[in-house]
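Note on naming: letters A, B, ... go to the chains in the order of the sequence lines (proteins, then strands), and numbering restarts at 1 for each one. Keep in mind that the numbers below use all heavy atoms, side chains included, and drop hydrogens, waters and symmetry copies.
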Amino acid sequence: MDKVDKIFEILNKEYPKWNAPVIQFMAQNGDDPFKILVSTILSLRTKDEVTAKASERLFKVVKTPQDLLNLSEEEIEKLIYPVGFYRNKAKVLKEVARELIQNYNGKVPDNLEDLLKLKGVGRKTANLVLSAAYKKPAICVDTHVHRIANRVGFVKTKDPHQTEFELMKVIPQKYWQDINKLFVAFGQTICKPIKPKCDECPINDYCEAYKNGSVKSGR
DNA sequence: AAAACGGGGGC
DNA sequence: GCCCCAGTTTT
């Protein structure tokens, strides 16, 4: 069995042990692209749990872009507090809602180009929406994915953008969905930026950084 | 008191 | 490509 197959097999098996509130939350909320987009925007620089709670509160009131637009920024701020940047995010959320209604019939675009045109949406957010909401082949590179891919040895680059393209070459497409789902949870609990728990790591046999002792406290 | 949490956007 | 951004939680 190929090393890549083995790694994903193990991570999939271990996954239930890890907590990734946002992912669980998204799973509970089906694949509604709008909710996934909003949650992802909220998650910026904010802990998973907090994002999940804030999303839950917001979605009790807001189901569509129009709902969002009907609220004042202050009302949105109250709903999403205490996510970091709540003031800015409230503004972004309203702007995104406005763009969705004006340019996309109130629906979240299902292609990278249009998603990237939205305010506050970059490659990470866009790819997550494509993957989670539309089940399209896309790899969402956040700091966890970037760090883990480099440690394990899938890629060797400092540029997250480059990581995205390298991973697409190295990892078979059938696993792209797994990357987005598994790596965040794995990165938060085991393969942490500093003080990673390599002794408890289920895939340390396959990790280049572990083998050559270069898993420093660093990103 | 200081560091950690992370992605987008401007230049 | 590098640097800035901002609020809450954790150490």
Side-chain angles (χ1 to χ4, degrees), chain A residues 18-26 33 35-58 68 73-100 103 108-109 111-133 138-151 155-167 179-197 215-219:
Chain A
W18 305 324
N19 269 341
V22 158
I23 296 176
Q24 286 171 11
F25 177 78
M26 285 182 181
K35 291 186 177 177
I36 288 176
L37 176 60
V38 170
S39 291
T40 309
I41 291 173
L42 289 182
S43 75
L44 177 68
R45 191 119 171 118
T46 299
K47 294 219 163 44
D48 251 23
E49 256 172 277
V50 180
T51 308
K53 287 253 161 54
S55 302
E56 209 173 342
R57 234 177 300 129
L58 184 65
L68 208 44
E73 274 179 34
E74 290 73 22
E75 288 170 319
I76 301 176
E77 286 172 16
K78 272 189 197 134
L79 285 165
I80 63 179
Y81 185 86
V83 298
F85 303 114
Y86 62 95
R87 219 166 276 136
N88 187 47
K89 283 171 185 172
K91 205 175 296 173
V92 168
L93 248 25
K94 258 195 109 153
E95 171 62 17
V96 166
R98 204 186 52 74
E99 290 177 37
L100 289 180
N103 305 329
V108 177
N111 66 83
L112 190 60
E113 291 75 17
D114 287 337
L115 281 167
L116 290 176
K117 286 183 200 155
L118 263 26
K119 184 171 175 78
V121 175
R123 298 197 72 84
K124 185 259 178 178
T125 307
N127 279 319
L128 188 64
V129 170
L130 289 177
S131 173
I139 297 179
C140 162
V141 177
D142 63 4
T143 54
H144 293 294
V145 174
H146 181 61
R147 179 183 68 254
I148 296 166
N150 275 282
R151 277 187 183 159
V155 305
K156 285 185 173 47
T157 169
K158 285 163 83 174
D159 179 13
H161 197 274
Q162 191 62 23
T163 296
E164 185 184 327
F165 293 111
E166 301 273 322
L167 276 179
I179 293 180
N180 305 329
K181 187 185 87 174
L182 300 174
F183 278 30
V184 173
F186 177 56
Q188 284 173 346
T189 52
I190 309 286
C191 198
K192 300 192 287 187
I194 53 179
K195 296 188 197 157
K197 301 183 177 171
V215 192
K216 307 190 182 76
S217 291
R219 335 185 157 207

Visitor: Is a side-chain donor or acceptor of A/T189 paired with a backbone partner of A/A185 at a separation under 3.5 angstrom?
Guide: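 The answer is yes, because a donor-acceptor pair under 3.5 Å joins these two groups.
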Visitor: How close or far is atom C1' of B/dG8 from atom NZ of A/K119, stated in whole angstroms?
Guide: 10 Å
Visitor: When the C1' atoms of C/dT8 and B/dG9 are considered, how many whole Å apart are they?
Guide: 23 Å
Visitor: How would nucleotides 1-7 of chain C be written as a contact map, 5' to 3', with B for base contact, S for sugar-phosphate-only contact and - for no contact, using protein heavy atoms under 4.0 Å?
Guide: -----BB
Visitor: Measure the distance from CG on A/L44 to C1' on B/dG9 and round it to the nearest whole Å.
Guide: 11 Å
Visitor: Name the nucleic acid region contacted by A/V50, choosing base, sugar-phosphate or nothing; use a 4.0 angstrom heavy-atom cut-off, strictly under.
Guide: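 The answer is nothing, as A/V50 stays clear of every strand by at least 4.0 Å.
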Visitor: Using the P atom in both, what is the distance from B/dG6 to C/dT11, to the nearest Å?
Guide: 14 Å
Visitor: Just list the side-chain donor-acceptor pairs under 3.5 Å for residues 73-84 of chain A, sequence neighbours left out, or say none.
Guide:
from, atom 1, to, atom 2, distance (Å)
A/E75, OE1, A/S72, N, 2.7
A/E75, OE1, A/S72, OG, 3.3

Visitor: Can you check whether A/L115 reaches A/V108 side chain to side chain, under 4.5 Å on heavy atoms?
Guide: yes
Visitor: Considering every strand and a 4.0 Å limit on heavy-atom distances, what is the contact class for A/H144: base, sugar-phosphate, or nothing?
Guide: sugar-phosphate
Visitor: Starting from C1' on B/dG9, measure out to NZ on A/K124 and report it in whole angstrom.
Guide: 16 Å
Visitor: Taking only Watson-Crick and G-U wobble pairs with both distances under 3.5 Å, what dot-bracket line describes DNA chain B, where [ ] shows pairs that cross earlier ones and | shows pairs with another strand?
Guide: |||||.|||||
Visitor: Is the phosphate of B/dG7, meaning OP1 or OP2, less than 4.0 Å from a side-chain N or O of A/T125?
Guide: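 False: A/T125 side-chain N/O out of range (4.0 Å or more) of B/dG7 OP1/OP2.
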Visitor: Closest approach to the side chain of A/K47, judged atom by atom: which nucleotide of C/dT10, B/dG6, B/dG8 is it?
Guide: C/dT10
Visitor: In whole angstrom, give me the gap between the P atoms of C/dT9 and B/dG8.
Guide: 23 Å
Visitor: Give a yes-or-no answer on whether the side chains of A/T51 and A/T46 include a donor-acceptor pair shorter than 3.5 Å.
Guide: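 There is no such pair (donor and acceptor under 3.5 Å, judged by atom type) between the side chains of A/T51 and A/T46.
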Visitor: Does A/K119 use its side chain to pair, donor to acceptor, with the backbone of A/E99 at less than 3.5 Å?
Guide: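 Not confirmed, A/K119 side chain does not pair with A/E99 backbone.
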Visitor: Distance check needed: B/dG8 P versus A/L115 CG, whole Å only.
Guide: 11 Å
